[in-house]
Each structure stands twice: as structure tokens, then as C-alpha cells.
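Worksheet for the structure shown next.
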Protein chains: 2
Amino acid sequence: MQLDELKQKFEQFLKQKGYKVTKSRLELIDKIASYGSHFEIEQLVVWVSNQDKGVASRSTIYRTVKLLQEFGAIREVIKLGNRTIYEFIAGKPHHEHLICVKCGKIIEFYREDIEEIQDKVCEEYKFTPINHRLEIFGVCDGCSHSLV
Amino acid sequence: MQLDELKQKFEQFLKQKGYKVTKSRLELIDKIASYGSHFEIEQLVVWVSNQDKGVASRSTIYRTVKLLQEFGAIREVIKLGNRTIYEFIAGKPHHEHLICVKCGKIIEFYREDIEEIQDKVCEEYKFTPINHRLEIFGVCDGCSHSLV
DNA sequence: AAATTATTGCAAATGAAATTCATTTGAGCT
DNA sequence: AGCTCAAATGAATTTCATTTGCAATAATTT
Ligand SMILES: [Mn+2]
Ligand SMILES: [Mn+2]
Ligand SMILES: [Zn+2]
Ligand SMILES: [Zn+2]
């Protein structure tokens, strides 16, 4: 999906919800899309503030991240200690993560079979799943060879 | 495993690490074990403080929870928003969680096949897993029938 | 373009978790 | 049992991410 198309959809979403289509909101979706898939809000705040002036304040960034989550373009994918790592998922297929606890490297993977098993488990418990997150913490190949 | 046995192991662990065996630490492992499997630290602080006086202060509770994590009796199992839910896992087999976003109900499940697939994925990426967490957020049976 | 309503930015508040530091306690030794 | 010293404790304070109140501003509606 193109970014322009996404922005259009986001505008529709905002209008339909009775929210306003603002400069900040549209510029932030651009910034987040170009930042790179996995990000933390504070990093984003710093990065955005160091660029053009006046895109959005910290509060607006926090608020817009929530909006984009509601819209479905962003997802909370990793919770490590008291850090939250988000991901821009628009147009990206669902996947899970391996997280290296030494270097922070994030590896993405997808297994249809894991998804299917989850569906079965939910059925068994008459549980209606909304979303899920599988985090595998460990040590990546590079780090397991390094002597540090 | 009996609680007494666990406490013995914990004492061994403390000594071996050069930590001290203190009243607070031994009493806290009791309290946590009897609190119920899933808990948040702040709840625990309130509960412990409202019981007998002098078991441990907030700081000690936070510090001891970390110790017990290091020891392996406790695990961070659910990260929801800015809440962290821990679980007393000593003597309990590994499992994953379904979390109802309406009522907070937690359902535990275990699937050997999911574990096996994860191992394969890790092998494929030459990734050495340390621990993992699968959280499925959704609506439980009870909540899906309630009209609230 | 005036009226209405939501959004913004800033500062201040919050809440979980970590930390500081004076005091107490545990462990080893005599 | 007393002595010594390092580690643990509690209370207060700090940190840091996130949230909120509010006056000013911008987007929609009429
Ligand atoms: Mn990802
Ligand atoms: Mn559990
Ligand atoms: Zn690594
Ligand atoms: Zn429920």
C-alpha cells in the first residue's frame, strides 16, 4: 500500500470517528513511516524535534501514536523492561519477533502453523482473539560468537 | 515442589551468589507464594503492608521480586499497557496466556507444538532462546455474552 | 466569517520503578 | 556473646515514560 493511499484512509478514519484532520497528524504518519519499522516513542520525539521545526510536540506525538494504533497502522510489538517498541505495520504482513538481549537486534518471523494452533486454542476456550504477540528473547548468532 | 524445599533452594541460591539470607526475603517468598499466581507488584505492596507489620517495605518488595526473577521463581508474564503482571512459577510447568481485555481474566494454556515450532525457528536463525512469552489478547467467553 | 468544537503545546501531574543514604542486620571471626 | 564489616533495609527522593489540564489555536460546521 502506498503512503498516499494510507494517508487517505487515515483521513477517512479520522472523519468517520469525528476527529479532525490536522497538519500534525498527517505529517506524523509520514515521519513514522519513514523512520524505520521498529521504534520507541522517545526516539521518535528526538528525531522529529531535531528535524523541521513545528511538526508536533511530545504530547501530540504520544497522542498520535495512540490514534495510529486505533487506526491499525501501528502496533506495540515488544515490551522489554520498561521500554515499549512499536512497529509501523501498514501494508506489512503479520509476524512475530526474536529479540537479542545483548545487542537489541530484532529478527522477524512468521509461522502459519503457530497462528493455526492459536486459533484452535482460542476456540477451545471460546475466547475471541483480538491480537497477539509472541516475543522470543535470547542471543543472536552474532552475539553468541562475540567474546564481549 | 514444597514451599519449604523452595525456600531451601532460595537460601542456597542467595548464599552461592554472596547475598544474605534475610527475614524479609524468606517471608516475601511465602507471601508471594500465597498471594495467588498472577500479581502486580503494587497490589502485592498493598496486600503485604495491610497484613502483619514489618514484612518488607516497598523498596524491598521491588528488590526481592527482581531477586526471585533471577532465582527463577517468578516471571514477567503479561505486559499490558503500562502494567506488568508477574507470576509465581516455581513448580509450575511452562505455559502461555489468553488475556481478556474486558474483565482481565487470565487463561493459561500450553501447547507442545508451539514450543517445537519456536525451537525450529530459533535454529533456523541460529538464535539461542532464553525465554519467550506468548500473549493472546481478546474477549473471554463470559464477556462475549455479557451485554455491558 | 462567525460560531462551534477538537487539537495543540506547554507545564504540571502521575505512577511504576530505581536509587540514595543513614541506619540496621546477617555472617564470619574471636 | 561481642566485634567487624559488608550487605540489606526503609523512607524519602529521583527518574523516566506517559498522561492530563488548560489556555491558545486551528479545523469544521453553520
Ligand atoms: Mn516487526
Ligand atoms: Mn500463568
Ligand atoms: Zn545480538
Ligand atoms: Zn472477560
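A note on names: the letters A, B, ... follow the listed sequences, proteins ahead of strands, and every chain is numbered from 1. Keep in mind that what you see is a predicted model, and the values were worked out from it rather than measured. Keep in mind that the numbers below use all heavy atoms, side chains included, and drop hydrogens, waters and symmetry copies.
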Look at the rings of A:F71 and A:F10 and say which category their plane angle falls in: under 30° parallel, 30 to 60° tilted, over 60° perpendicular.
->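 Because their plane-to-plane angle lies in the 30° to 60° range, the rings of A:F71 and A:F10 count as tilted.
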Any N/O donor-acceptor pair, A:R63 side-chain to C:dG9 base, under 3.5 Å |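 Pair found.
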Give a yes or no on whether a donor-acceptor pair under 3.5 Å exists between the nucleobase atoms of D:dA6, that is its base, and the side chain of B:K20.
->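 Flag set: donor-acceptor pair detected.
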Does [X] place a side-chain N or O at less than 4.0 Å from the phosphate oxygens OP1/OP2 of [N]?
X: B:K23; N: C:dT24; value: no
X: A:R58; N: D:dA17; value: no
X: A:T84; N: D:dA17; value: no

What's the [atom1]-[atom2] distance between [X] and [N], to the nearest Å?
X: A:K79; N: C:dA16; atom1: NZ; atom2: P; answer: 13 Å
X: B:R83; N: D:dT18; atom1: CZ; atom2: C1'; answer: 16 Å
X: A:I85; N: D:dA17; atom1: CD1; atom2: P; answer: 13 Å
X: B:E70; N: D:dA8; atom1: CD; atom2: P; answer: 11 Å
X: B:I61; N: C:dG15; atom1: CD1; atom2: C1'; answer: 16 Å
X: B:L44; N: C:dG15; atom1: CG; atom2: P; answer: 19 Å
X: B:L26; N: D:dT9; atom1: CG; atom2: C1'; answer: 15 Å
X: B:L14; N: D:dA6; atom1: CG; atom2: C1'; answer: 15 Å

Base, sugar-phosphate, or nothing: which does A:K17 touch, judged by heavy atoms less than 4.0 Å apart?
->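 No contact.
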Classify the nucleic acid contact of A:K66 as base, sugar-phosphate or nothing, counting any heavy atom under 4.0 Å across all strands shown.
->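 Here A:K66 touches the backbone only, sparing every base.
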Measure from the side chain of [X], starting at C-beta and using heavy atoms only, and say which of [options] lies closest.
X: B:Y62; options: C:dA16, D:dT28, D:dG10; result: C:dA16
X: B:T60; options: C:dG26, D:dG10, D:dA27; result: D:dG10
X: A:Y19; options: C:dA18, D:dT18, C:dT7; result: C:dT7
X: B:S24; options: C:dA18, D:dT9, C:dG9; result: D:dT9
X: B:S59; options: D:dA17, D:dA7, D:dG10; result: D:dG10
X: A:T22; options: C:dT8, D:dG10, C:dG26; result: C:dT8

Between B:V55 and B:N82, which is nearer to the 5' end of DNA chain D once each is assigned its nearest nucleotide?
->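 In this pair, the answer is B:V55.
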In Å and rounded to the nearest 0.5 Å, what is the CZ to CD1 distance from A:F127 to B:I99?
->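 Between A:F127 CZ and B:I99 CD1, I get 6.5 Å after rounding to 0.5 Å.
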What distance do A:I29 atom CD1 and A:F88 atom CZ have between them, rounded to the nearest 0.5 Å?
->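 Result: 5.5 Å between the selected atoms.
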For [X] and [Y], work out which heavy atoms get closest and say how close.
X: A:S24; Y: A:V55; value: OG-O, 3.4 Å
X: B:A33; Y: B:L3; value: CB-CD1, 3.9 Å
X: A:R133; Y: A:E76; value: NH1-O, 3.4 Å

Could you say whether B:I41 or B:V21 is positioned toward the 5' end of DNA chain C, judged by the nucleotide with the nearest heavy atom to each?
->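 Nearest-nucleotide comparison on DNA chain C picks B:I41.
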